[in-house]
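Here is the structure we will look at, set down as structure tokens.
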Amino acid sequence: MTGLEVVRMALPGDITGPAEVLLTTPASPVPATASVQSRALAQLLMTGLRPIGDRLSITRNPALQMVREAFDAVGFTPLPRGTRLTPVTDGDVRGVWITGRGADERAGVLLYLHGGGFVFGSRRTHRHFVAALSAAAGRPAFLVDYRRAPEHPFPAAADDAVAAYRWLLASGYRADQITVLGDSAGGHLAAGLLADLSRRRLPMPAAAVMFSPFLDLTCAELDDRDAVRRDPFVPPQRARECGQTYAGDHALDSRRLDVLGAPKRRWPPVLIQVGDTECLLGDSERMAESVRAAGGHCELQVWPGQVHVFPAFYPVLPEGRAAIRYVGEFLRSTSAVTVAA
């Protein structure tokens, strides 16, 4: 999607109804084919991690602890030069401010909800990715350290996302200065946060970005998609296991968990980046369709040959670096000008 378009959407902070907003969308960076590096990564994951994921249940110890520690080990590598970290513990809100090189809070802030199937992932696993996003967007990011299942099933993580958003508002940030981002299960939390804000008639953020979001916890399409094209990274049975573990005693299609079915009339502009190798691709397609059907703006980018949350592999993938650069451009474009109420 390129050029200048006028879209019908709810203004950030408006609770009365849709307004017309001028949104300049930058040229799409999605290539026609996958790079050599991307093809090599997909093959490595297909032959290395996917067979383990097919056999290993990850939501119970000792496997759960092993998976958490293995992913946390990613965080021990050096951060990009110039990155600043500031841990936060303020009542029920926990996380870390990550300020990339050149980031300025006057441009706004990012609220990041990490992935990991609701059961692993942490402020450590995602700090490199969030640091790169902070630098690209030119604004600091608050990476939420939300409670994880199975120790803390739904609605713990969803409540922590709402608490973090309210905390930013109480800290003096306007809603239209905040962008909500999330990958995989964090994409579900980001969508759930937007739905919660809408239901509670709270002001909406300026925009939302989702990377390979895991949205349908029933996993209704995953087996069929995986049978047609095997996902190099995510086994459908592990996604199903994580979704059920997070839901706990709640039905997978209950109102707060069914983010695809949530009303979206007041949602801000949404960007979704996903790979075409993913069994979760249908979740992104259905989310984009749902937002557009409600009169909102959703840019869906399907990147050829890319694996689950491919932008997080930016140190080795040229597509990852291009995707992150685009996120920065997209967020600058969402400093929209109101042309009619």
Side-chain angles (χ1 to χ4, degrees), residues 41 44-45 48-50 52-53 56 58-59 61-80 83-89 93-100 110-136 140-152 156-157 160-161 164 180-190 209-214 232-235 238-239 241-243 245-246 273 275 278 280 306-317 320-321 323-324 327:
L41 175 63
L44 176 64
L45 294 174
L49 280 182
R50 175 65 198 258
I52 297 173
L56 182 65
I58 61 173
T59 59
N61 282 322
L64 175 58
Q65 189 60 34
M66 291 171 56
V67 170
R68 286 175 173 175
E69 291 177 357
F71 276 85
D72 275 355
V74 174
F76 288 107
T77 57
L79 287 166
T83 303
R84 301 193 307 275
L85 303 180
T86 307
V88 171
T89 301
V93 176
R94 299 172 306 280
V96 58
W97 278 110
I98 300 179
T99 306
L110 311 180
L111 176 63
Y112 198 92
L113 299 157
H114 68 75
F118 308 102
V119 301
F120 61 93
S122 67
R123 65 170 74 180
R124 182 174 291 279
T125 60
H126 281 67
R127 63 183 190 173
H128 294 85
F129 183 31
V130 176
L133 290 167
S134 171
F142 184 65
L143 173 56
V144 183
D145 189 12
Y146 61 81
R147 291 169 291 173
R148 301 174 297 188
E151 298 92 340
H152 303 284
D160 289 350
V180 176
L181 306 91
D183 67 280
S184 194
H188 187 285
L189 295 175
V209 181
M210 303 176 193
F211 306 98
S212 303
F214 174 26
F233 197 176
V234 178
R238 295 290 79 80
E241 176 188 358
C242 288
T245 299
Y246 174 57
Q273 295 180 332
E278 301 190 50
L280 290 168
Q306 301 308 310
V307 301
H308 189 58
V309 196
F310 72 91
F313 294 95
Y314 73 89
V316 296
L317 295 185
R321 296 188 288 275
I324 290 173
V327 170

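Atoms considered below: every heavy atom in the structure, side chains included; atoms not considered: hydrogens, waters and symmetry mates.
- Heavy-atom minimum distance, Val144 versus Ala164: CG2-CB, 3.8 Å.
- Side-chain contact between Val96 and Arg127 is absent, with no heavy atoms from C-beta onward closer than 4.5 Å.
- Partners of Phe71 under the side chain to side chain contact (heavy atoms under 4.5 Å, CB included) rule, at least two apart in sequence or in another chain, are Val67, Phe120, Thr125.
- Residues passing the side chain to side chain contact (heavy atoms under 4.5 Å, CB included) test with Leu44: none are found, sequence neighbours excluded.
- A distance of 13.5 Å separates CZ in Phe233 from CZ in Phe310, rounded to the nearest 0.5 Å.
- Interatomic distance, Leu56 CG to Arg238 CZ, rounded to the nearest 0.5 Å: 7.0 Å.
- Applying the salt bridge (Lys or Arg N to Asp or Glu O under 4.0 Å) test to pairs two or more places apart or on separate chains, none has a residue in residues 69-78.
- Within the 3.5 Å criterion, the main-chain N or O of Thr59 finds a donor-acceptor partner in the side chain of Glu241.
- Annotation for Ala239 and Phe214: closest pair O-CZ, 3.4 Å, computed over non-hydrogen atoms.
- Contacts of Val88 classified as side chain to side chain contact (heavy atoms under 4.5 Å, CB included), with partners at least two apart in sequence or in another chain: Asp90, Trp97, Phe142, Trp167.
- Residues Phe76 and Arg124 are in side-chain contact: their nearest non-hydrogen atoms beyond the backbone lie under 4.5 Å apart.
- Closest non-hydrogen pair, Ser134 versus Pro140, comes out as OG-CA, 3.7 Å.
- Across Glu278 and Val309, no two heavy atoms sit closer than the pair OE2-N, 4.1 Å.
- Residue pairs meeting the salt bridge (Lys or Arg N to Asp or Glu O under 4.0 Å) criterion with at least one partner in residues 141-151, sequence neighbours excluded, are Arg68-Glu151, Arg123-Asp145, Arg147-Asp160.
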Steps toward side-chain contact (heavy atoms from CB on, under 4.5 Å) verdict (Leu110, Val130): CA-CA 9 Å; Leu110 311 180; Val130 176; 5.8 Å; no

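- Counting only heavy atoms from C-beta outward, the side chains of Phe129 and Leu181 never approach each other to under 4.5 Å.
- Note: His126 and His114 have tilted aromatic rings, judged against thresholds of 30 and 60 degrees for the angle between ring planes.
- Under the 3.5 Å distance criterion, the side-chain polar atoms of Arg94 are left unmatched by any main-chain donor or acceptor of Thr89.
- Taking the side chain as every heavy atom from C-beta outward, Cys242 and Ile58 approach each other to under 4.5 Å.
- The backbone N or O of Pro311 lies less than 3.5 Å from no partner atom in the side chain of Gln273, so there is not a single donor-acceptor pair.
- Side-chain contact between Phe313 and Val307 is present, with at least one heavy-atom pair separated by less than 4.5 Å.
- Nearest heavy-atom pair, Gly182 versus Ala190, reported as atom, atom and distance to 0.1 Å: N-CB, 4.4 Å.
- Partners of Phe118 under the ring-ring contact (aromatic ring centres under 6.0 Å, His included) rule, at least two apart in sequence or in another chain, are His188, Tyr246.
- Gly320 and Tyr314 make their closest contact through C-CB, 3.8 Å (heavy atoms, listed as atom of the first residue, atom of the second, distance).
- You'll find the side chain of Ser184 stays beyond 4.5 Å of the side chain of Val234, heavy atoms only.
- Counting only heavy atoms from C-beta outward, the side chains of Ile98 and Leu85 approach each other to under 4.5 Å.
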